[in-house]
Amino acid sequence: MDQIRRDHGHRAVAGLTKDRIEEKILKPLHNKPGAKIDTLKKLRILIRHAKDDLKWLSVDPSDGIKRGKSKEIRAWTDTEMKAFEDRWAYGTRQRAAYELMLNVGTARIDTHLTTWVQADADDFEYTRRKTGVSVLVEKAQSLRAALAALPRKHVCILTTEWGKPFTVDGLQRWMRDAMTGAAVAAQS
């Protein structure tokens, strides 16, 4: 929402039309399909509030705008995985995040609030937030090593430099920076 406010807060809600949304807000994101989908989703929340609660709009100007599809996320190559592992040693938060996502299969929405209680169990258990499906995974040796080497400073395994849990988007930006630091091509 902050990104929408920064980039488009100067626009009048009453002046929003389907064409203006597509041209001024979504078109600049044509090469970032994930950001485009996310922006449209958040914009629709704001429009619904302006229409239903504030009565600033009589119709939803986003009606008829297709969400589009994000591009497929490809798997890392062995070379990229080695580059990341070489750059981020055991004991770094980056390596712990990598091992969690690689060995447990957690998406960023599941990773950002993973706790030490989950890590301390014999097997790793969590519920996927998007689907509600329960997952039980045996911990790989590399995940055990990454978690054992990481200092415990919070109930959540991964925290920001200020000791607070990441937001989903914050974790994504932080991991993108870690990938760039390891010369791994950043993916949406």
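Expressed to the nearest 0.5 Å, how far CD of Q118 lies from CD of E125 amounts to 8.5 Å. Between K24 atom NZ and D7 atom CG the span is 13.5 Å, to the nearest 0.5 Å. The distance from atom CG of L46 to atom NE2 of H8, rounded to the nearest 0.5 Å, is 11.5 Å. Distance CG/L113 to CZ/R129: 5.0 Å, rounded to 0.5 Å. Expressed to the nearest 0.5 Å, how far CZ of F166 lies from CE of M175 amounts to 9.5 Å. From W174, atom CH2 reaches atom CD of Q94 across 4.5 Å, with rounding to the nearest 0.5 Å.
The number of heavy-atom neighbours closer than 6.0 Å to CZ of R20, taken from other residues, nucleotides and ligands shown, is 12 or below. The neighbour count for D63 CG, taken as heavy atoms of other residues, nucleotides or ligands under 6.0 Å away, is above 12.
The shortest heavy-atom contact between R93 and L150 is N-CD1, 3.7 Å. Minimum interatomic distance between W116 and L147 (heavy atoms only, all atoms of both residues): CH2-O, 3.6 Å. Considering every non-hydrogen atom in both D52 and K55, the closest pair reads O-NZ, 2.8 Å. Pairing each heavy atom of R87 with each of A182, the nearest pair is CB-CB, 3.7 Å.
Side-chain contact check for L102 versus W76: every heavy-atom pair is 4.5 Å or farther apart. Between I65 and R44 there is a side-chain heavy-atom pair separated by less than 4.5 Å. In this structure, K27 and E22 have side chains that are not in contact, with every pair of non-hydrogen atoms separated by 4.5 Å or more.
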Audit row: K42, D38, salt bridge (Lys or Arg N to Asp or Glu O under 4.0 Å) steps and yes/no: CA-CA 6 Å; K42 289 175 182 166; D38 188 59; 2.8 Å; yes
Full working for side chain to side chain contact (heavy atoms under 4.5 Å, CB included) between M81 and Y98: CA-CA 9 Å; M81 291 173 70; Y98 165 84; 3.5 Å; yes
Verdict with reasoning, I25 to R11, per side chain to side chain contact (heavy atoms under 4.5 Å, CB included): CA-CA 10 Å; I25 298 174; R11 299 186 193 288; 4.1 Å; yes
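Partners of R152 under the salt bridge (charged side-chain N to carboxylate O under 4.0 Å, His left out) rule, at least two apart in sequence or in another chain, are D120. Take K82 and apply the salt bridge (charged side-chain N to carboxylate O under 4.0 Å, His left out) test, not counting sequence neighbours, and it matches D86. Annotation: side chain to side chain contact (heavy atoms under 4.5 Å, CB included) contacts of I47 (sequence neighbours excluded): L16, I21, L43, L57, D60, P61, S62.
Other cluster members for V168: I109, joined by side-chain heavy-atom distances under 4.5 Å among Ile, Leu, Val, Met, Phe, Trp and Tyr.
Taking the six-membered ring for Trp and thresholds of 30 and 60 degrees, F84 and W88 have ring planes inclined between 30 and 60 degrees apart.
R108 has a carboxylate O that lies under 4.0 Å from a charged side-chain N of D169, or vice versa, which qualifies the two as a salt bridge.
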Sequence neighbours excluded and cut-off under 3.5 Å, please list the side-chain donor-acceptor pairs for residues 132-143, or say none.
| unit_1 | atom_1 | unit_2 | atom_2 | d |
| --- | --- | --- | --- | --- |
| K139 | NZ | A119 | O | 2.3 |
| K139 | NZ | A121 | O | 2.5 |
| S142 | OG | E99 | OE1 | 2.7 |
| S142 | OG | N103 | ND2 | 3.2 |

Identify all side-chain donor-acceptor contacts of residues 156-165 below 3.5 Å with residues at least two apart in sequence or on another chain.
| unit_1 | atom_1 | unit_2 | atom_2 | d |
| --- | --- | --- | --- | --- |
| T160 | OG1 | W162 | N | 3.2 |
| T160 | OG1 | K164 | N | 3.3 |
| T160 | OG1 | K164 | O | 3.4 |

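Neither L29 nor L40 shares a network with the other; the hydrophobic side chains, linked directly or stepwise wherever heavy atoms of I, L, V, M, F, W or Y lie under 4.5 Å apart, form separate groups for each.
The backbone N or O of K36 sits nowhere less than 3.5 Å from a side-chain atom of T39 that would complete a donor-acceptor pair.
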